Amino acid sequence: MAGHILAVVGGKGGVGKSVFAANLAIAYLQEFKQRPLIIDLDLNRVGDQNIILGQNPAKSIVDVSKMQGGPVDPKTLAPFMINAPAGFSYIGAPKDAILARDIDIEGLGKFLKAVTNVFSWVVVDCGNGMDPWALKTLEYSTAIFVVSTADVIVINQTKRVLGKIQELLFPPEMVQVVVNRFNQNSIINPQIIQKNLNRPIFAAIPEDVSTCDGSLAKSTPVCIGAANTPISRAYHDIVRKIQQSNLLDGLARLKKPTGVLAKAAAPAGGAADAKDGPSGPSARSSAAPLDPWTAMKLRIHKALVEQMDLKKMNTDTSDAKQRSILREKTQKGVLDILNTEDTSALLSTRELKAQMVKEVLDEALGLGPLEDLLADDTVTEIMVNARDQIYIEKAGKPQLSKVNFSSEAQMMNVVERIVTPLGRRVDEKVPYVDARLADGSRVHVIIPPLALRGPTITIRKFPKKRIEYKDLVAFGSMTEEIADFLRCCVEAKLNVVVSGGTGSGKTTLLNVLSNFIPASERIITVEDSAELQLAQDHVVRLEARPKNIEGEGEVSIRDLIKCCLRMRPDRIVVGECRSGEALDMLQAMNTGHSGSLTTLHANNPRECIARLETLVMMAGLGLPPKAIRENIASAVGLIIQQTRLSDGQRKVTYITEVVGMQGEVVSLQDIFVFKQEGMDKKRKIIGRFVPTGFIPKFVEEMEAKGMKVSRGLFSAK
């Protein structure tokens, strides 16, 4: 079983993190009789570990980083490593800081990846944790121990280190805060430190100046030279706590970020240099100098984060009054910071200053540059390809917007703000997620390593005003007569499938159709991400749930449809059939739950039947194709084809009755079709809705229920 790397980082120089690293390894050795490896990677203060451990190695970690291939085992490490009589192994830092510049970062990474097969514990003294070699170590570490002391300045510097680690997307669970040199009589107690760092304190090492000084003078770790002292027992307590809580085994399952060096080396508002990546338009996210406006905005936002603990203040509150108070308080903080900046050149007018305040507020409390796009009613879709390439859709046509994210870290903050209130997550273990905004807008996020250019966000905006059939008539999506016919179909409890491509308006049409359901009926909606807005009161809304961090707890659409059948529904409305839930939907339609509505992806009614058949097969029951088709023919009454035309218009292009079976084939009959007749001068498609002359079989059933359906509506024209 592979071992663990424990990285030790100091919030500030002089906190005793090198002493902590050495004694942590020795305590492990004494508790479990297993040889640990101690690595001195604090290349800015070379030689400290030599004094603490009483060793003087001829070779260093720089030499190890340049090892030319081959296996990493005790034999190959022997020339570079000291096996101390006390029972630990040690690889030191170079004796001169100038030599440290020659370290091979990639070679160091390969060594760290392999060395855990030799040692069960590898404790690495990483200095301040922000040097390139330290960041490479953090990538391969199981846990990061951040050492602080009960000192105001040290706590402030520790907060900066914790913020940087978080910015680089390391899982928060990895970081363990240890308070060194703690005095029970100190005014600053662990509770105050915990409150200021917004992190729980993992352990505290008591202050014992004489014991520590005596051990350093003898070049002997405290746990060896003063084994029975309180400070030594504290180190043993930490090791036992780690082992008894299975801390390292749990952390080992977390996904760690990769490419940390590139992220850390990138400018504050840009991505890392992508010299080895693609060129041309697809490489727009490469590092570039920040413009003065963005640079000032980032400075103000950074100062605001340091001044106000926004996470603790709960920026996701649903209380409008609390949101308003928070925004006012944050706005005052931004203005106070602006007063300390030289804004005469950049913010020369009151309007520019107000715009700067708004952008900082949007970034601190909202969705950053997306806020203006979400507020624009003419924007129907937002597509973030990369931090500096955001497309929007207006009037059905995509166009490049003028707004950008300042950094990928800002993008990830926005993503977290979207998914966290929903109890969902997105990280390297689950690199994509479906979510929704507070107004119901659908959001899909996919992040690296799957998205090569950085986080990608797609938002299908939800209209602020509920769209009704009159709006679709006004848009030209259908005629008044067709809308009345569809109302009759829904009221007559026909099972309806809305078919269409991505972005064709299926969900919008489904929402309009569902509002035709009489208010006296009990409706249950089942969706992957809740989007439907029903006007009725007697509605139960169900939403699927993805797997949790342990890979458990998933509740699928299929599970929810089965639950529906036990909830006495008059109507079941499924947002979209994508998989085996199609079988459960058909079963519900065929077992007394007529009038059900759903959508699926297909290009025309005939393909809709084929697609439905394929989805049923995905249920895995091995039903013969003929049985599936018979099930479809008896369950589905009407297919409505929704299409997004080449000019961006969204129209109902087919209304088709499912007649039944003819031999092995499901028989379909078009009732209305949209006939294209050309284009106008603006390249807008011209056409009209044409009845085929076929009178649906279900019209007689409608008339028997007292509905008036004009036969002239179906006359061919």
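What you see below is based on every heavy atom in this structure, not just the backbone, and it leaves out hydrogens, waters and symmetry mates. Remember, predicted model here, so these are calculated numbers, not experimental data. Here, residue 1 is the first one in the sequence, and each next residue gets the next number.
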Tell me whether [X] is salt-bridged to [Y], with the criterion being a basic N under 4.0 Å from an acidic carboxylate O.
X	Y	result
Arg545	Glu554	no
Lys470	Glu468	no
Arg442	Glu527	no
Lys394	Asp376	yes
Arg688	Glu677	yes
Asp647	Lys397	no
Asp584	Arg558	yes

(message) Looking at every non-hydrogen atom in both residues, tell me the closest pair between Lys682 and Asp680 and how far apart they are.
(response)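 Lys682 and Asp680 have their closest heavy atoms at N-OD1, 3.0 Å.
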
(message) To check you understand the geometry: which heavy-atom pair defines the closest contact between Leu510 and Gly575, and what is its length?
(response)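 Minimum heavy-atom separation between Leu510 and Gly575: CD2-O, 3.9 Å.
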
(request) Would you sort out whether Leu437 and Val443 count as a side-chain contact (heavy atoms from CB on, under 4.5 Å), showing the intermediate values? (result) CA-CA 7 Å; Leu437 301 181; Val443 183; 3.7 Å; yes

(request) Not counting sequence neighbours, which residues clear salt bridge (charged side-chain N to carboxylate O under 4.0 Å, His left out) with Arg611? List them please. (result)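 Salt bridge (charged side-chain N to carboxylate O under 4.0 Å, His left out) check on Arg611 returns nothing, list empty.
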
(request) Taking salt bridge (charged side-chain N to carboxylate O under 4.0 Å, His left out) as the test, write out the residues that go with Glu351, two or more places apart. (result)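 Listed in chain order: nothing, the list is empty.
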
Under 3.5 Å, is there a donor on one side chain and an acceptor on the other for [X] and [Y]?
X	Y	value
Thr656	Asp670	yes
Thr380	Glu393	yes
Asn590	Ser634	yes
Thr653	Gln641	no
His593	Gln587	no

Distance, nearest 0.5 Å, that separates [atom1] of [X] from [atom2] of [Y]:
X	Y	atom1	atom2	value
Leu612	Ser499	CG	OG	9.5 Å
Leu597	Arg571	CG	CZ	7.0 Å
Lys651	Leu509	NZ	CG	13.5 Å
Ile685	Gln676	CD1	CD	4.5 Å
Asp372	Leu367	CG	CG	11.0 Å

(message) Are there over 12 heavy-atom neighbours, none belonging to Lys705, within less than 6.0 Å of that residue's NZ?
(response)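 It does: Lys705 NZ has more than 12 such atoms within range.
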
(message) Does Lys684, at its NZ atom, have more than 12 non-hydrogen atoms belonging to other residues, nucleotides or ligands within less than 6.0 Å?
(response)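 Atom NZ in Lys684 is not packed in, count stays at 12 or less.
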
(request) List the steps, then state whether side-chain hydrogen bond (donor to acceptor under 3.5 Å, both in side chains) holds for Ser556 with Asp559. (result) CA-CA 5 Å; Ser556 66; Asp559 297 327; 3.1 Å; yes

(request) Report yes if the distance between the aromatic ring centroids of Phe689 and Phe672 is under 6.0 Å, otherwise no. (result)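 Not close enough - the centres of the two rings lie 6.0 Å or further apart.
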
(message) Using ring centroids (six-membered ring only for Trp), state whether Phe714 and Phe485 fall under 6.0 Å.
(response)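 Distance test on ring centres: under 6.0 Å, yes.
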
(message) Restricting to side chain to side chain contact (heavy atoms under 4.5 Å, CB included), what partner residues turn up for Glu700, sequence neighbours left out?
(response)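 Once residues adjacent in sequence are excluded, the partners of Glu700 under the side chain to side chain contact (heavy atoms under 4.5 Å, CB included) criterion are Arg711.
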
